[in-house]
Structure formats: structure tokens, C-alpha cells
Amino acid sequence: MSRTTDRRGGRDGSPRVVVVDDSPFMRGLISDLLSDAGVAVVGEAGDGEEALSVVAETRPDVVTMDVEMPGMGGLEAVERLMEETPTPVLMLSAHTDEGAEVTFEALDRGAVDFFAKPGGEVSTGVSRESDRLVEAVRSVADADLDAATRERDDPSAAASRSPGAASEADAEDVDGPLTVVIAASTGGPNAVERVLSALPMADCRVVIVQHMPEAFTSRFANRLDEASAYDVREASDGARIGAGEALVARGGSHTRIDSYRSGRLRVKLDEDDDSHTVTPAADVTMRSAAEVIDDPLVGVVLTGMGSDAAEGIRAMADAGAYTLAQSEDTCVIYGMPKRAVETGGVDAVCDLDDVAGAIVGGEA
């Protein structure tokens with residue numbers, strides 16, 4: 001197991017990375033992929049205990065952390081790292097249901113985001129996904145760790161995560177059928193959970209587009225279902241929802257609002273549209289909502305990297321929807337909300353804890 005290495009050094013402004021994996025082959029592969037992209041790999045570690053030491057010595061901008069390792073595994077290492085040397089962490093997890101479960105646990109303990117290793121031959125899969133891995137590392141390196149920590153550890157936020165925590169008086173602000181489309185990416189799982197758990201039960205239906213692979217979105221829907229008063233499930237082709245229900249866009253396909261009648265909406269999954277850089281894409285869902293829904297409509301853009309949802313929020317605004325973006329101070333990554341605001345289609349910018357109240361009290 002190697003220690004500090006500073007392999008090639010990064011180009012100006014590139015993040016400095018420590019790679020943690022119990023497999024020497026995988027450490028070398030990941031390090032080479034990052035170095036070839038101009039990212040400086042300043043250290044490597046073969047288990048959690050060694051990772052703590054290497055990170056303390058090198059003070060990197062980001063750590064890639066394998067989940068399953070002998071001795072101190074990735075979960076304990078993330079928790080200890082947040083206590084001893086707070087550093088943005090990108091988890092590397094299996095593309096399986098079990099991998100999803102442990103990944104959400106890692107996010108709860110302080111990891112910023114995750115990279116799902118493709119199935120099949122690991123070396124071939126990771127190499128094939130090298131651009132996505134490099135993008136994820138750069139994104140996590142730019143994360144506002146203070147915002148992520150506040151989001152995770154704020155006692156008032158923990159209380160708000162109890163289903164039905166929002167007041168009944170807030171629910172009275174919803175006048176007639178309301179449809180909400182929420183978009184999020186990096187830092188989004190905890191942010192979406194926080195918003196939905198604070199959203200009062202009302203004549204409201206919610207569609208959530210979180211950038212996430214297919215093996216993870218079902219588990220994410222279950223997590224939101226447990227944390228909120230809403231009946232939440234993963235979207236399926238032809239699925240319908242009404243008041244008090246929510247859908248999570250399924251990974252690997254785009255979720256379009258196909259029809260809307262008498263307060264119930266129907267979705268259609270599209271796996272053939274490869275014109276977007278992310279799947280599912282919020283732009284697809286938001287544009288379809290703008291075209292189909294004639295009752296009050298709210299669009300929300302939460303923390304995340306990139307420009308997805310910018311076109312969608314503009315389309316929703318043009319259709320008369322009330323539109324919100326999360327504030328820079330409370331975003332883990334102020335990318336998607338920034339791009340949305342720049343379109344001129346955002347009616348209000350809110351701190352994360354104010355989003356649920358703005359949804360039900362807005363001017364949709």
C-alpha cells in the first residue's frame with residue numbers, strides 16, 4: 001500500500017486527490033485515470049485507517065473512498081474523516097441494491113456524492129466511465145462542505161425530517177391541485193429529503209428528478225417515503241399519481257409528464273432520448289410539465305452540478321409556473337441553481353429550509 005505520491009501534479013486549478021481502495025490494481029487504475037485528466041493524485045491508501053493518516057498529511061481537496069475494505073471500511077472512515085480532517089468525499093460503490101443501501105448510509109455520515117462502479121469487469125467499466133469519474137471528482141472538490149455539514153447536522157433539520165412535521169396551517173396555503181417538479185444533483189439526496197419531509201400533506205403531487213443511476217432510484221424513493229408524509233415510489237412507465245403522492249424519476253430513463261386530468265398525472269418513461277448529458281434529465285420532466293399541466297405548477301431547482309433544469313425552469317416560468325432555486329449559501333454545489341437563475345426564469349431564491357414553505361405559499 002502506497003502513501004503520499006503526488007504523481008503528475010495537476011493543471012492550474014485542478015483538485016488534489018487521495019485515492020482509497022483496498023485493491024492495489026484499482027488504486028492504480030483510478031489514479032492513472034485521474035492523472036491522465038490533469039488531476040493531481042497526492043496520496044493513496046488501502047484501508048480506512050491509512051486513509052485518515054494520508055489525508056491528514058496531504059490535506060487534499062477530495063478523497064475517493066471505496067465502500068468495502070478490510071479493517072476500517074469506507075463508512076467508518078468517512079465518519080472519522082469528517083470529525084478529524086473534514087474533506088469532501090466521493091464514495092465508490094457497487095452498482096447494486098446493496099451498494100445503494102450502503103451509499104446512502106455514507107451520504108448520511110458525510111460523503112458529498114458517489115460514483116457507481118459499472119457492472120461486469122471492473123477495470124473495463126471504470127475506464128469506460130473515466131470522463132464521468134473525473135467530472136464527479138471535480139464536482140465534489142468544489143463542494144461547500146460547510147453547507148453539507150449544516151444540512152446533515154442541524155438539529156432543527158433533523159426534527160423536520162419526521163413525516164408530517166410541517167404544520168396543518170401551511171397545508172391550508174395550497175389552494176386547489178398543485179404539482180411540484182423538483183430537480184437536484186450533487187448534494188441532492190439529503191436536500192430533497194429535507195424539502196419533502198417539510199412539505200405539508202395537501203392537494204399536492206410531486207415529481208422528483210435526482211441525478212442517480214437506476215440501481216439507486218428505487219432505494220431513494222423508499223427513503224423519501226419513510227421520511228415524509230407523502231406516498232413516494234419510483235416512476236414506472238404509465239404510473240399515475242394524485243394528491244399526497246410523489247414519484248422519483250427512474251435512473252437510466254427520462255420521465256415525461258404524459259397527461260394530466262382531474263388532479264391526477266400520468267408519466268411515460270423514455271429510454272431512447274440520448275440528447276442529454278444526464279439521465280434522468282430534469283429538463284425533460286420540466287418541459288413536459290409545462291406543456292401538459294394547466295393547474296397551479298411549481299418548479300424547484302436544488303443543489304447540483306451542471307446546467308440541467310435551466311431550460312426546464314425557463315419553460316415552466318413561461319407557462320406561468322412559480323419557480324424557485326436554492327440559495328448559494330445553502331447549496332453543496334451552486335451549479336444547477338445558478339444556471340437556472342441566469343435564465344431569468346426564477347421567481348424566488350430560498351435557503352433550503354425555506355423551500356417547502358415557498359412551495360405551498362408561492363404564487364403558482
Side-chain angles (χ1 to χ4, degrees), residues 174 176-185 188-189 191-196 198-199 202-212 217 220-221 224 228 230 232-235 239-251 253-260 263-270 276 278-304 306-326 336-337 339-341 343 345-348 350 352 355-356 358-360 362-364:
V174 178
L178 176 66
T179 300
V180 182
V181 182
I182 299 175
S185 186
V192 171
E193 180 180 336
R194 193 151 164 177
V195 170
L196 196 62
L199 194 65
D203 189 357
C204 178
R205 66 238 73 235
V206 184
V207 181
I208 298 154
V209 184
Q210 166 70 51
H211 296 165
M212 194 174 281
T217 46
F220 184 46
L224 295 177
S228 75
Y230 282 69
V232 187
R233 60 187 185 276
E234 183 185 44
R240 290 176 169 83
I241 60 169
E245 297 178 318
L247 289 178
V248 172
R250 192 176 75 186
S253 61
H254 301 296
T255 297
R256 300 181 187 276
I257 310 300
D258 188 49
S259 64
Y260 178 81
R264 290 184 64 80
L265 62 82
R266 179 181 183 272
V267 301
K268 179 178 178 58
L269 302 190
D270 184 353
H276 300 269
V278 291
T279 309
D283 279 331
V284 173
T285 306
M286 288 181 158
R287 284 200 301 262
S288 65
E291 293 169 359
V292 171
I293 296 172
D294 50 13
D295 279 329
L297 181 62
V298 177
V300 181
V301 184
L302 300 178
T303 175
S307 60
D308 185 36
E311 291 181 7
I313 208 75
R314 181 70 258 182
M316 291 183 74
D318 290 343
Y322 184 59
T323 54
L324 304 166
Q326 185 178 347
M336 287 169 55
R339 296 292 184 88
V341 169
T343 69
V346 172
D347 292 312
C350 306
L352 182 60
V355 171
I359 288 172
V360 297
E363 300 175 1

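As a basis for the values below, the full set of heavy atoms in this structure was taken, side chains included, without hydrogen atoms, waters or symmetry mates.
Remark: side-chain polar atoms of Thr323 are not paired, donor with acceptor, to backbone N or O of Ala317 under 3.5 angstrom. For the pair His254 (side chain) and Ala281 (backbone), a donor-acceptor distance under 3.5 Å is present. A donor-acceptor pair under 3.5 Å is formed between the side chain of Arg205 and the backbone N or O of Leu178. Panel note: side chain Thr255, backbone Thr285; no donor-acceptor pair is recorded below 3.5 Å. One N or O on the side chain of Asp308 and one on the backbone of Ala282 form a donor-acceptor pair closer than 3.5 Å. Remark: the backbone N or O of Ile257 is paired with a side-chain donor or acceptor of Ser288 at under 3.5 angstrom. Under a 3.5 Å cut-off, the side chain of Ser185 and the backbone N or O of His211 do not form any donor-acceptor pair. Side-chain N or O atoms of Asp283 include one that pairs as donor or acceptor with a backbone N or O of Gly312 at under 3.5 Å.
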Does Ile182 form a side chain to side chain contact (heavy atoms under 4.5 Å, CB included) with Leu302? I'd like the steps, not just the answer. CA-CA 7 Å; Ile182 299 175; Leu302 300 178; 3.7 Å; yes
Determine, stepwise, if the pair Val192 / Val248 fulfils side chain to side chain contact (heavy atoms under 4.5 Å, CB included). CA-CA 11 Å; Val192 171; Val248 172; over 6 Å; no
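Across all non-hydrogen atoms, the minimal contact from Leu247 to Ala235 is CD2-CA, 4.0 Å. Heavy-atom minimum distance, Ala202 versus Tyr230: N-OH, 3.7 Å. When all heavy atoms are compared, the tightest approach of Ser253 to Pro280 is O-CB, 3.2 Å. Nearest heavy atom pair, residue Ala315 against residue Arg287, reads CB-CG, 3.9 Å. In this structure, Cys350 and Leu324 approach most closely via the heavy-atom pair SG-CD2, 4.0 Å. Closest heavy-atom contact between Ala183 and Met286: CB-CE, 3.9 Å.
Scored by the salt bridge (Lys or Arg N to Asp or Glu O under 4.0 Å) test, Glu234 finds no partners at all (sequence neighbours excluded).
Glu245 is listed as a side-chain neighbour of Arg233, based on a closest heavy-atom distance under 4.5 Å. Residues Val300 and Val180 form a side-chain contact, since some pair of their non-hydrogen atoms from C-beta on lies under 4.5 Å apart. The side-chain heavy atoms of Leu265 and Ile293, taken from C-beta on, include a pair separated by under 4.5 Å. The shortest side-chain heavy-atom distance between Leu199 and Val360 falls under the 4.5 Å cut-off.
Note that the CE atom of Met336 and the CD atom of Gln326 stand 10.5 Å from one another [nearest 0.5 Å]. Atom CD1 of Ile208 is separated from atom CG of Leu196 by 5.0 Å, given to the nearest 0.5 angstrom. The line from CD1 of Ile313 to CG of Asp347 is 8.5 Å long, rounded to the nearest 0.5 Å. Note: Arg256 CZ to Glu291 CD = 8.5 Å, rounded to the nearest 0.5 Å. With values rounded to the nearest 0.5 angstrom, Gln210 atom CD is found 9.0 Å from Leu224 atom CG. Going from atom CZ of Arg264 over to atom CZ of Arg266 covers 12.0 Å, rounded to the nearest 0.5 Å.
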